[in-house]
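The structure appears below as structure tokens.
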Amino acid sequence: MTRTRTVTEQVTADDGARLWASRTGTDRGTPLVLCHGGPGLWDMFGDLAALLSDRALVHRWDQRGCGRSEPCAGPWTTERFVADLDAVRAHFGLERMVLLGHSFGGWLALHYALAHPGRVDALVYVAGTGIGPVDDWHGVYRENFLVRLGEQPERLARWRELEGRTGLSGREERERAVLRWSTDFADGERALEHAGRLADPWFPVNLECNAALGADQKRTSGSPELYAACRALDLPVLVVDGARDIRPRPAVDSLAEVLPRVRRVVLPGAGHYPWVEDPAGFREAVGTVPQRGAVPMRARASGGDADRPM
């Protein structure tokens, strides 16, 4: 077992786009590649990488045109981002990997596994929204967002003030984002603290990327072709949810119910970032992901979990 220092590198995609990437951790088990959410955001996985770095080499990257990656004009499609992820894999010389995708990153990691199942040992799908139509869950999410932010009326009022203005300064854009992201945490007392850490460092949100990939996801979600592809996905998938995520968790049923090899773990006290609010529970759950030649641990699960052989 060899402990490695953190190495930051530049990955060049096949169309010349330059992507920020880093590697840290322990050279044991199957390498782990993290896919961040958004779209239009950047890797915020510092805490997660530290939590898991004694188990594997952990690879992080910023999606094209976002965060520390070089600005570019797209294209902003799931297919293009899958190719970028494969460029990260190839750059680090990974024959196979465990993919962990959070939120939109779960959508991306799932599509990579569908396109390249032979390069993925297992998929960890964290706090996603499933594969059903976006309209099935997005309205409830918006309602839940306003309810949770309204638990602190001054935060809701300030967010509405910033949301209704144009020409915000960079500091104000960050403040608006932190207020929005605070609803992703179950603990209202620490929500702003947690959200502030996500925004450090701060980069402008790539709104063009966000809109285009959001539309791409909406077009594809719920399609018979996507359901059929997921039914045929022959690799282990761990679905991890925070029970107090404001995105309705039943949306994930659309994915969990069709996968042939799935385990679902629900962490009851966590929101959209379960490794932040329940690091021990999240680490235990990820420990159930099968490694080549290893025997998986039992998952800590809550009621209603899908649990089929992995």
Side-chain angles (χ1 to χ4, degrees), residues 1 23-37 43 45 47-61 85 88-89 92 94-103 105-128 130-131 230 232-243 249 252 255-267 270 272-302 304-310:
M1 178 176 68
R23 178 181 63 196
T24 191
T26 304
D27 189 8
R28 58 180 295 185
T30 306
L32 175 64
V33 178
L34 309 180
C35 297
H36 67 78
D43 175 281
F45 286 139
D47 290 348
L48 180 55
L51 184 68
L52 302 177
S53 63
D54 65 326
R55 292 184 169 181
L57 285 173
V58 181
H59 301 77
R60 304 160 56 193
W61 62 295
L85 175 52
V88 173
R89 178 202 62 80
F92 287 108
L94 309 181
E95 181 181 351
R96 296 174 66 87
M97 57 190 168
V98 173
L99 272 181
L100 186 154
H102 171 250
S103 196
W107 172 266
L108 173 57
L110 172 65
H111 280 74
Y112 184 94
L114 292 172
H116 304 291
R119 298 172 186 171
V120 181
D121 265 11
L123 171 64
V124 184
Y125 182 92
V126 183
I131 58 173
C230 290
L233 184 62
D234 187 22
L235 58 85
V237 180
L238 172 67
V239 176
V240 184
D241 293 304
R249 293 301 81 207
V252 187
L255 175 63
E257 290 175 355
V258 302
L259 292 169
R261 301 171 64 189
V262 64
R263 181 185 294 272
R264 189 167 182 181
V265 177
V266 180
L267 301 179
H272 193 55
Y273 292 83
W275 67 88
V276 174
E277 295 191 286
D278 188 357
F282 189 87
R283 179 178 164 87
E284 180 182 341
V286 173
T288 70
V289 175
Q291 301 284 311
R292 282 174 290 180
V295 178
M297 299 187 301
R298 292 179 58 85
R300 187 183 76 171
S302 70
D305 297 342
D307 192 358
R308 290 190 285 280
M310 298 177 74

Look at the side chain of [X] and the backbone N and O of [Y], then say whether any donor-acceptor pair between them is shorter than 3.5 Å.
{"X": "H111", "Y": "W107", "result": "yes"}
{"X": "T30", "Y": "M97", "result": "no"}
{"X": "R28", "Y": "A56", "result": "no"}
{"X": "R96", "Y": "G118", "result": "yes"}
{"X": "H59", "Y": "R23", "result": "no"}

Find out whether [X] and [Y] are in side-chain contact, i.e. whether some heavy atom of one side chain is under 4.5 Å from a heavy atom of the other.
{"X": "V265", "Y": "L267", "value": "yes"}
{"X": "E277", "Y": "F282", "value": "no"}
{"X": "L32", "Y": "L100", "value": "yes"}
{"X": "V289", "Y": "D121", "value": "no"}
{"X": "T26", "Y": "L57", "value": "no"}
{"X": "V33", "Y": "V98", "value": "no"}
{"X": "C35", "Y": "L85", "value": "yes"}
{"X": "L233", "Y": "L110", "value": "yes"}

> Atom CH2 in W61, atom CZ in F92: separation rounded to 0.5 Å?
Replying inline: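 That separation rounds to 11.5 Å.
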> Any salt bridge between D278 and R283, counting N to O under 4.0 Å?
Replying inline: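 Here D278 does not pair with R283 in a salt bridge, since their nearest N and O are not under 4.0 Å apart.
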Over all heavy atoms of both residues, which pair between [X] and [Y] is shortest? Give the atoms and the distance, please.
{"X": "A127", "Y": "H272", "value": "O-CE1, 3.1 Å"}
{"X": "C230", "Y": "L259", "value": "O-CD2, 3.6 Å"}
{"X": "R60", "Y": "L34", "value": "CG-CD1, 3.9 Å"}
{"X": "T24", "Y": "A49", "value": "CG2-CB, 4.4 Å"}
{"X": "V286", "Y": "L238", "value": "CA-CD2, 3.9 Å"}
{"X": "A243", "Y": "V266", "value": "CB-CG1, 3.7 Å"}

> Between R263 and V239, does a side chain to side chain contact (heavy atoms under 4.5 Å, CB included) hold up when you go through it step by step?
Replying inline: CA-CA 6 Å; R263 181 185 294 272; V239 176; over 6 Å; no
> What residues form a salt bridge (Lys or Arg N to Asp or Glu O under 4.0 Å) with D241, not counting sequence neighbours?
Replying inline: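 Scan of D241 (salt bridge (Lys or Arg N to Asp or Glu O under 4.0 Å), adjacent residues dropped) gives R249, R264.
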> How would you list, by chain and number, every residue that makes a salt bridge (Lys or Arg N to Asp or Glu O under 4.0 Å) with R119, sequence neighbours excluded?
Replying inline: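 Scan of R119 (salt bridge (Lys or Arg N to Asp or Glu O under 4.0 Å), adjacent residues dropped) gives D86.
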> Strictly under 6.0 Å, is that where the ring centroids of Y125 and H102 end up?
Replying inline: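 No, too far apart.
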> Excluding sequence neighbours, so at least two apart, what forms ring-ring contact (aromatic ring centres under 6.0 Å, His included) with H36?
Replying inline: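 Scan of H36 (ring-ring contact (aromatic ring centres under 6.0 Å, His included), adjacent residues dropped) gives none.
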> Stepwise, does the side chain to side chain contact (heavy atoms under 4.5 Å, CB included) test hold for V237 with V124?
Replying inline: CA-CA 6 Å; V237 180; V124 184; over 6 Å; no
> By side-chain hydrogen bond (donor to acceptor under 3.5 Å, both in side chains), which residues pair with W275, not counting sequence neighbours?
Replying inline: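 Scan of W275 (side-chain hydrogen bond (donor to acceptor under 3.5 Å, both in side chains), adjacent residues dropped) gives none.
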